[in-house]
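Structure first, then comments.
Letters A, B, ... are given to chains in the order of the sequence lines, protein chains preceding strands, and every chain is numbered from 1. Quick note: numbers below take in every heavy atom, side chains included, and nothing from hydrogens, waters or symmetry partners.
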Number of protein chains: 2
Amino acid sequence: MLRRKEKTPFYPDATPILQAVDCIIFGFERDEIKLLLFKRKIEPFKNEWSLIGSFVEPDEAVDDAAVRVLEEHTGLQNIFMESLGCYGEVDRDPGARVISQAYFALIRLGEEETQTVETLQARWFDFDSIPPLILDHNQMVEDALEKVRRKARYRPIGFELLPEKFTIPQLQKLYEAIYQRELDRRNFWKKIQSMNVLEKLDEKDKSTSKKGAYLYRFVQHRYEEMVEQGIDFVL
Amino acid sequence: MLRRKEKTPFYPDATPILQAVDCIIFGFERDEIKLLLFKRKIEPFKNEWSLIGSFVEPDEAVDDAAVRVLEEHTGLQNIFMESLGCYGEVDRDPGARVISQAYFALIRLGEEETQTVETLQARWFDFDSIPPLILDHNQMVEDALEKVRRKARYRPIGFELLPEKFTIPQLQKLYEAIYQRELDRRNFWKKIQSMNVLEKLDEKDKSTSKKGAYLYRFVQHRYEEMVEQGIDFVL
DNA sequence: CCAAAAGTGTTATCGCTACACCCATGA
DNA sequence: TCATGGGTGTAGCGATAACACTTTTGG
C-alpha cells in the first residue's frame with residue numbers, strides 16, 4: 001500500500017493532482033423527483049449550496065470514495081450509485097486544481113429518510129427551485145438528470161427510487177416525472193405486465209383511492225431471465 | 001495558474017494523486033473493426049502492449065490531455081473522441097497510485113493512416129487476436145467496445161470510422177461488424193435512405209463489384225434537422 | 001452469356017397508440 | 001348513488017422483418 005508523500009521509483013516526472021468525488025442524489029416523493037443538496041462546510045464557498053463530495057484518499061478506490069461520501073452524509077448504505085463522468089477543467093475550482101469524478105445515486109424515500117437527512121444542513125429541492133450551486137455542480141446535476149432520463153427507459157433503475165412495495169399507478173407517476181409527460185394508464189399497465197418482472201402482493205394501498213391499488217415488488221431475477229431470453233426492458 | 005508543488009491555502013489535508021488518461025483507438029478496414037495498440041515506452045512493463053496514455057499536466061484539462069495523447073502518438077487531429085469512464089482501483093498500477101480516465105477514439109482509415117501509424121511501435125489488431133495488455137487495459141478495451149456497440153445504434157458515430165466518401169454496402173459492412181450479425185441489404189437500404197442524412201455523389205466505387213456502387217457522404221446538418229424534427233436515428 | 005454485387009418493391013407481422021368500458025368503495 | 005381512481009380489452013396504424021426480382025458489367 002502506498003502512503004502519503006512516499007516516493008516511488010516510477011513516474012518521477014508526473015505531477016499528482018487533487019482528486020474529488022461528487023455525488024448527485026435523486027429521490028422521489030409526491031409525484032416529483034427531488035435533488036438532495038447540502039450546505040458546504042469548508043472554504044472556499046463555505047455555507048453555499050453544493051453537492052456532497054470528498055477528496056479521494058490515497059488508499060481508497062474512487063468508487064469506494066463515492067460510497068463513503070454518501071454514507072457519511074446520509075447514513076444510507078447499499079444505495080444504487082453509478083458513475084456519471086469526469087469533470088476535469090483546470091480552473092473549475094478556484095481553491096485548487098481539483099479533478100472531480102461525479103456519481104449519481106437513487107434513493108428510496110420513506111418518511112424516515114426524509115426526516116433523517118434533513119436534520120442538518122441538507123434539503124430536498126424540486127427541480128424548478130434548485131439554487132445556484134458552487135463550481136460546476138449545476139452542470140453536473142443537469143448531466144445527471146439527462147443520464148437518468150435516458151437510462152431509465154432501458155434499464156430498471158426507476159425501481160431504486162420507489163419503496164420496496166409500490167403500486168402500478170405509483171410506478172407510472174414516477175415514469176411520468178422522469179419523462180416529463182403523461183403516459184396512458186392502460187398501455188403502461190400492459191407494458192409492465194408483459195415483462196413479468198413484478199410480483200403481485202396480497203396487500204392493497206388505499207391511501208390514494210377508495211378502491212385501493214395492489215402492491216407489487218420488483219423481482220430482480222425475473223428481470224435477469226427476461227434479459228437472457230433476449231427481451232428488451234423498455235418503459 | 002497553479003504550479004507544481006505550489007501550496008494553496010485551501011484543502012491542506014487532501015492528498016494529490018497521479019491522474020492519467022488512456023485512449024482506446026478503433027479503426028475499420030476490410031470489413032473488420034481494429035484496435036490500435038502500442039509498445040509501452042516506460043517502466044514498469046516497458047515494451048509490453050498497451051493503450052496510449054499520459055499523465056495529466058497540472059495546467060491541462062483532462063479532456064485536453066486525451067486529445068494531446070492522441071495527437072502525439074498518431075499525428076491525427078480533429079478525431080472523434082469521447083469519455084469512457086474512470087478506472088480508479090488502488091492497486092491497478094503497481095508503479096504508483098494512478099487514477100486513469102479512459103477515452104475512446106474512432107479513426108477513418110485511409111491508406112496513409114494505416115502506414116503512418118504503424119511506423120514505430122504501433123500495430124492494428126483484430127479483436128480475435130488482441131494480446132494481453134498491461135494493467136486493466138484489456139478491461140478498458142472490452143468496456144469501450146461495448147459502449148461503441150450500444151452507442152452506434154442511436155448516434156451516427158459509425159461514420160467516423162469510414163472515409164468521407166463511402167458506399168452503402170460499405171456502411172452496411174461496418175454496422176455488421178459493430179453488431180456482429182448480418183443485416184438485410186434491402187431493409188438497411190430503406191432505413192438509411194428514409195433518414196435522409198446522406199448525400200449521393202456522382203462517383204462510383206468499382207473496387208468490389210463490376211456494376212459499381214455509388215459513393216455517399218454523411219451530411220451533419222441533415223442529421224441535426226432530423227433530430228430537431230423529433231425523428232430518431234436508429235440503425 | 002453468366003456470375004456477382006447493386007439497387008428497388010411488396011407483403012406479413014408485431015408492437016405501440018388511442019380509446020371505451022367495468023369494478024370497488026368511501027363519503 | 002355517485003364520484004374517483006383502479007383494472008382490463010380491442011381495433012387501427014406504423015415500423016420492422018422476410019423475401020423476390022431487375023440491373024449492370026467484367027470476364
Next item on the list: Using the six-membered ring wherever Trp is involved, compare the ring planes of F80(A) and F104(A) and label them parallel, tilted or perpendicular (cut-offs 30° and 60°).
Entry: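 F80(A) vs F104(A) ring planes: tilted.
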Next item on the list: Over 60° means perpendicular and under 30° means parallel, so classify the ring planes of F233(B) and Y223(B), tilted if in between.
Entry: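 Geometry flag for F233(B) against Y223(B): perpendicular rings.
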Return no unless some side-chain N or O of [X] is found under 4.0 Å from OP1 or OP2 of [N].
X: K191(B); N: dT16(D); result: yes
X: K211(B); N: dG26(D); result: no
X: W189(B); N: dA6(C); result: no

What is the distance, rounded to the nearest whole Å, between atom [atom1] of [X] and atom [atom2] of [N]?
X: L183(A); N: dC19(C); atom1: CG; atom2: C1'; value: 16 Å
X: F233(A); N: dG15(C); atom1: CZ; atom2: C1'; value: 17 Å
X: L235(A); N: dC16(C); atom1: CG; atom2: C1'; value: 13 Å
X: Y216(B); N: dA6(C); atom1: OH; atom2: P; value: 12 Å
X: F166(A); N: dG6(D); atom1: CZ; atom2: C1'; value: 16 Å
X: Q193(A); N: dG6(D); atom1: CD; atom2: C1'; value: 12 Å
X: Y179(A); N: dT17(C); atom1: OH; atom2: C1'; value: 16 Å
X: I192(B); N: dT8(C); atom1: CD1; atom2: C1'; value: 16 Å

Margin query: Between R185(B) and V234(B), which residue's closest nucleotide on DNA chain D lies nearer the 5′ terminus?
Written below: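 That would be V234(B).
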Checklist line | Positive for side chain to side chain contact (heavy atoms under 4.5 Å, CB included) with H137(A), one of I24(A), L37(A), L51(A) | finding: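 In the set I24(A), L37(A), L51(A), the residue that makes a side chain to side chain contact (heavy atoms under 4.5 Å, CB included) with H137(A) is L51(A).
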Picking from [options], which would you name as closest to the side chain of [X]?
X: P169(B); options: dG6(D), dG26(C), dG7(C); value: dG7(C)
X: A213(B); options: dT8(D), dG5(D), dA6(C); value: dA6(C)
X: Y214(A); options: dT25(C), dG7(D), dG6(D); value: dG7(D)
X: K206(B); options: dA17(D), dG26(D), dG5(D); value: dG26(D)

Next item on the list: Taking only Lys NZ, Arg NE, NH1 and NH2, and the carboxylate oxygens of Asp or Glu, determine whether E164(A) and R108(A) approach each other closer than 4.0 Å.
Entry: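 R108(A) and E164(A): not salt-bridged.
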Check: Of G212(A) and N187(A), whose closest DNA chain C nucleotide lies nearer the 5' terminus?
Finding: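 Mapping each residue to its closest nucleotide by heavy atoms, the 5'-most match is N187(A).
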With a 3.5 Å cut-off and just heavy-atom distances, do the side chain of [X] and the base of [N] make a donor-acceptor pair?
X: K190(A); N: dT10(D); value: yes
X: K210(B); N: dT24(D); value: no
X: R186(A); N: dG7(D); value: no

Next item on the list: Scan T167(B) against the nucleic acid and name what it touches under 4.0 Å (heavy atoms): base, sugar-phosphate only, or nothing.
Entry: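 No contact at all - T167(B) keeps every heavy atom at 4.0 Å or more from the nucleic acid.
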Notebook entry, point to check: If we ignore angles and hydrogens, is there a donor and acceptor under 3.5 Å between the side chains of Y103(A) and D63(A)?
Noted result: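 Y103(A) vs D63(A): donor-acceptor pair found between side chains.
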Check: Any side-chain heavy atom of M140(B) within less than 4.5 Å of one from D22(B)?
Finding: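 Yes, close enough: below the 4.5 Å cut-off.
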